[in-house]
Amino acid sequence: MVQFSYCMPSRIVLGKGSTADIGKYAVGKNVLIICDPFLYQCGVAEKIGGHLTGCQVAYFHDIAPNPSCESVDAATAMARAMGAETVVGIGGGSSMDVSKIVSCLTREEGSIYDYYSGGTRKLSKRTTRLICIPTTAGTGSEVTNVGVFTNQKTHIKLPFVSDEFWPDVALLDPELTYTLPPAVTASTGMDAFCHAIEAYWNKESQPICDAIAVEAMKLILANVKAAYDDGKNETSRENMQLASLMAGVAFSQTRTTGIHALSFPLTAEFGASHGTACSISLPAFIRLVGESAGEKMERLCRALGYDSTSVLADAVEALMVSMEMPTRLSQIGVKESDLDHITEVGLSAAIIQLTPAVMNRETVRALLASYL
Ligand code: NAD
């Protein structure tokens, strides 16, 4: 018997120029916009802030990729000092994730470390409005209850899951993604593919998310290379943003699996971007899961137009190579002697056990060795 629960409390608004309507969704007079240095310097954040007529808008524009708990605390201090009533995250997953926790901590005391990574305090109900505006087509963070932060003391990067993190509004405008450089288009686009396929094969998968995930995968396979080749190709940019959103909706219900679990040490310790750290494992995981999740993976292959999981894995790998993405761990500086450690850190992330294959020291190390 099919049994599942599906919850999507975020309002989703997608369309060209949709950010001009941000004023409809913000509350109060004091708005904090959180973004990275690029989105501030190129004027995107201020342009969106300019639509908040009658509001006092402040900008925290210091977010680095794989954001640290320290940057969360710095942005929180700003939100508290100005009495932010709405927090807006504009950017890739890094800025959106920080906006989620900052909107929760605005009316709490203490540091993110008190609530996460060994902290014992619990977030209370969020009363600050949260709006997320993605500028990459990859993480789907605008529609998830997850934030991923790096503990700078331990260099450990781990997801923080809280129902207080669902944004009130996900505001998507594909035009914001036109400036993404080819390498970021490729890595974030393949991150979205990982979300979709990990939702689909997940032990917690469910029919609504399966359907959404398959459509997301079709859109990515048909559009990511075109967006990589020509960033101004409007159709491919629109389709990639839609695919990333759909993949986000799918994995928001199921969580991710081994691909994401193994990505955490690769970003925190080897400096790979999040999308690269995930997709580098994608072909190997498709081959592995193809063996254990037989019939369901066969249905996926038929839906995507491939004869078998090994053909799908080869096609995904060729697509990555065509976008100059690494497909071997050695290409991002991993050595044979690092595999035991990566295995240990990967196994410490609970999501690894949502993979429909045996995930233990031996199997994970053998998998990593297969694409060293
Ligand atoms: P990012 O936010 O780290 O940004 C990567 C780079 O892209 C930055 O240099 C940024 O300036 C640049 N950039 C962003 N938008 C741009 C644009 N429109 N034009 C030009 N440059 C632009 O990248 P990301 O991959 O979107 O986010 C990765 C983070 O999200 C990681 O920390 C990851 O763990 C997290 N994540 C979160 C979730 C979630 O559900 N919360 C899901 C997946 C990943």
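Values reported hereafter were calculated over all heavy atoms of this structure, with side chains retained and with hydrogens, waters and symmetry mates removed. In listed order, ligands and their atoms are each counted from 1.
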Side chain to side chain, Ile351 and Thr257, heavy atoms closer than 4.5 Å: no
Pairwise ring pair (Phe, Tyr, Trp, His ring centres under 6.0 Å) hits with a residue in residues 150-169, at least two apart: Tyr116-Phe160, Phe160-Phe165
Side-chain donor/acceptor pairs under 3.5 Å, residues 177-184, sequence neighbours excluded:
{"unit_1": "Thr177", "atom_1": "OG1", "unit_2": "Pro174", "atom_2": "O", "d": "2.7"}

Donor on one side chain, acceptor on other, Asn66 and Lys157, under 3.5 Å: yes
Student check: side-chain heavy atoms of Val27 and Thr128 closer than 4.5 Å: no
Close residues, ligand 1: non-hydrogen atom nearer than 4.0 Å: Asp36, Phe38, Pro65, Asn66, Pro67, Gly92, Gly93, Ser94, Asp97, Lys100, Thr135, Thr136, Thr139, Ser141, Thr144, Val146, Val148, Lys157, Leu176, Thr179, Leu180, Pro181, Val184, Thr188, His195, Phe251, His274
Listed once per pair and sorted, the ring pair (Phe, Tyr, Trp, His ring centres under 6.0 Å) pairs that draw on residues 3-36, sequence neighbours left out: none
